[in-house]
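Beneath this line is the structure, given in structure tokens, with notes to follow.
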Amino acid sequence: MEKKSMSSSPDVEVRKGPWTMEEDLILINYIANHGEGVWNSLARSAGLKRTGKSCRLRWLNYLRPDVRRGNITPEEQLLIMELHAKWGNRWSKIAKHLPGRTDNEIKNYWRTRIQKHIKQAENFSGQTSSGHTDQATTSSTQTCNAVNPMETYSPPYDNFQNFSGPFPTETNENMWSMEDLWSMQLLNSD
DNA sequence: AAGAATATCAACCGCAACCGG
DNA sequence: GCCGGTTGCGGTTGATATTCT
């Protein structure tokens, strides 16, 4: 069952699963003082029992100071849909056009929110050819008065007009905020 | 109120591309 | 050109949260 770690000595135990606050702080602190580098050696030098890959992922998707969390705006959603229509599942490419957003976040958002509604729309169109939209599947989420990208955007997804995005308001209240972590890091460094 | 079903998202995995020796 | 190490990407999984019955 022992999984070989990427190039580090095999006898070193490797932690998996959710990151702890301590691990986050170690990683933030280390990168603040030494900068990013070769992730495998960074993980070792920092004393983290994680693979370099895991550290990189954690940093890029969560700990970076410029990462934006929650609140995918209607504008961002529109952009995601446009770029996805253009490029398909090129999440990292799409993410480059959404400052502060990560490919993982966009991918998750697409799969959980948008793709679901596409499927629903497809199912609906399979049942009836009427243009009269069935709001039953989406009306429960229609609580946002913000401009709905669907009203202005006609992507290749023909039946997508039914979708009214959930447009989360204030979400992602993590156990500790990034501001907290960074302020702790500032206290730690030096 | 409790259990089941569903949604969400962080993290892992495998693979391919890249790079330096 | 080959090889081993590293990075980046996209798909998938699993834990947790939320909603439904």
Side-chain angles (χ1 to χ4, degrees), chain A residues 1-10 12-28 30-31 34-46 48-73 76-77 80-81 83-121 123 136-144 162-178 180-181:
Chain A
M1 286 302 176
E2 209 65 283
K3 187 164 173 43
K4 202 173 90 177
S5 64
M6 299 183 358
S7 85
S8 52
S9 47
V12 176
E13 67 166 307
V14 177
R15 263 186 58 81
K16 283 199 206 173
W19 279 64
T20 64
M21 187 180 182
E22 286 75 20
E23 288 176 311
D24 281 346
L25 281 170
I26 290 170
L27 185 56
I28 289 172
Y30 189 89
I31 291 177
H34 301 90
E36 297 177 36
V38 179
W39 288 104
N40 278 334
S41 51
L42 184 154
R44 254 178 280 126
S45 305
L48 288 163
K49 294 179 171 57
R50 296 276 182 172
T51 63
K53 219 171 174 177
S54 180
C55 293
R56 173 184 165 273
L57 198 70
R58 183 65 176 170
W59 175 253
L60 292 179
N61 285 339
Y62 196 82
L63 297 176
R64 264 189 319 163
D66 58 327
V67 71
R68 286 178 64 193
R69 307 197 57 73
N71 265 350
I72 296 272
T73 66
E76 286 175 317
Q77 186 185 11
I80 290 170
M81 290 189 299
L83 296 179
H84 186 272
K86 204 193 294 185
W87 295 324
N89 296 358
R90 303 284 158 210
W91 305 117
S92 63
K93 200 171 176 181
I94 293 171
K96 287 191 175 83
H97 289 74
L98 289 132
R101 300 295 184 187
T102 68
D103 54 350
N104 208 32
E105 188 178 13
I106 293 170
K107 179 171 60 183
N108 278 332
Y109 183 77
W110 179 268
R111 288 182 59 83
T112 59
R113 320 269 178 108
I114 300 180
Q115 199 172 53
K116 180 180 67 183
H117 287 275
I118 293 174
K119 284 217 173 93
Q120 284 175 350
N123 287 341
T137 56
T138 55
S139 59
S140 64
T141 61
Q142 194 152 19
T143 57
C144 178
N162 289 339
F163 173 61
S164 61
F167 306 144
T169 53
E170 202 63 37
T171 60
N172 281 341
E173 291 160 23
N174 295 303
M175 286 174 67
W176 53 86
S177 69
M178 282 302 100
D180 292 340
L181 278 175

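Lettering of chains follows the sequences in order, A, B, ..., and the numbering in each one begins at 1.
- The side chain of A:Thr51 contributes no N or O atom lying less than 4.0 Å from OP1 or OP2 of B:dC12.
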N/O to N/O distances under 3.5 Å, protein versus nucleotides 15-21 of chain B:
{"residue": "B:dC15", "atom": "N4", "partner": "A:Lys53", "partner atom": "NZ", "Å": "3.2"}

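- Across all strands, A:Asn61 comes closer than 4.0 Å to no nucleic acid atom at all (heavy-atom distances).
- Taking every side-chain heavy atom of A:Trp91 into account, C:dG11 is the closest of B:dC12, C:dG11, B:dC9.
- The heavy-atom pair separating A:Ile80 from A:Trp110 by the smallest distance is CG2-CE3, 3.9 Å.
- Checked against C:dG11, B:dC12, C:dC9, the side chain of A:Lys16 finds its nearest nucleotide in B:dC12.
- Using a 4.0 Å heavy-atom cutoff across all strands shown, A:Arg90 reaches sugar-phosphate atoms only and no base atom.
- Comparing A:Ser41 and A:Lys96, the nucleotide of DNA chain C nearest to each residue sits closer to the 5' end for A:Ser41.
- Between the CG atom of A:Asn108 and the C1' atom of C:dG10 there is a distance of 12 Å, given to the nearest Å.
- Of all non-hydrogen atoms in A:Asn89 and A:His84, the two that sit nearest each other are OD1-NE2, 2.8 Å.
- Atom C1' of nucleotide B:dC9 and atom CD1 of A:Ile72 are separated by 12 Å, given to the nearest angstrom.
- Across all strands shown, A:Asn89 has heavy atoms under 4.0 Å from sugar-phosphate atoms exclusively, and none from any base.
- For the pair A:Gln77 and A:Ile72, the tightest heavy-atom approach, listed with the atom from each and the gap, is N-CG2, 4.0 Å.
- The side chain of A:Ser54 lies closest to B:dC12, out of B:dC12, C:dT6, C:dG8.
- Under the side-chain contact (heavy atoms from CB on, under 4.5 Å) criterion, A:Arg111 pairs with A:Lys107, A:Gln115, sequence neighbours left out.
- Where A:Pro18 and A:Leu60 each meet DNA chain C at their nearest nucleotide, the meeting point lying more 5' is that of A:Leu60.
- The CG atom of A:Leu60 sits 11.0 Å away from atom SG of A:Cys55, with the distance rounded to the nearest 0.5 Å.
- Between the CD1 atom of A:Ile94 and the P atom of C:dC9 there is a distance of 12 Å, given to the nearest Å.
- Here the CH2 atom belonging to A:Trp19 is positioned 5.0 Å from the CG atom belonging to A:Leu27, to the nearest 0.5 angstrom.
- Per the geometry, CH2 belonging to A:Trp87 stands 13 Å off P belonging to C:dC9, to the nearest Å.
- With C:dT12, C:dT6, B:dC13 as the choices, the nucleotide that has an atom nearest any side-chain atom of A:Arg111 turns out to be C:dT12.
- With salt bridges taken as basic N to acidic carboxylate O contacts below 4.0 Å, none links A:Glu23 and A:Arg58.
- If you check C:dT12, C:dT7, B:dC9 against the side chain of A:Thr112, the one that comes closest is B:dC9.
- For B:dT8, the OP1/OP2 oxygens have a side-chain nitrogen or oxygen of A:Arg113 closer than 4.0 Å.
- Here B:dA10 is the nucleotide among C:dT12, B:dC12, B:dA10 with the atom lying nearest to any side-chain atom of A:Arg58.
- With rounding to whole Å, A:Ile106 atom CD1 is found 18 Å from B:dA11 atom P.
- In this structure, A:Lys93 places its NZ atom 10 Å from P of C:dG10, rounding to the nearest Å.
- Atom CH2 in A:Trp59 sits about 20 Å away from atom P in C:dT6, given to the nearest Å.
- Between the OG1 atom of A:Thr20 and the CD1 atom of A:Ile26 there is a distance of 7.0 Å, given to the nearest 0.5 Å.
- Contact annotation for A:Gly37: backbone-only contact, meaning every heavy-atom pair under 4.0 Å involves sugar-phosphate atoms and none involves a base.
- Residue A:Ser92 places at least one side-chain N or O under 4.0 Å from the OP1 or OP2 atom of C:dC9.
- Look at NZ on A:Lys107: it is 8 Å from C1' on C:dT12, rounded to the nearest Å.
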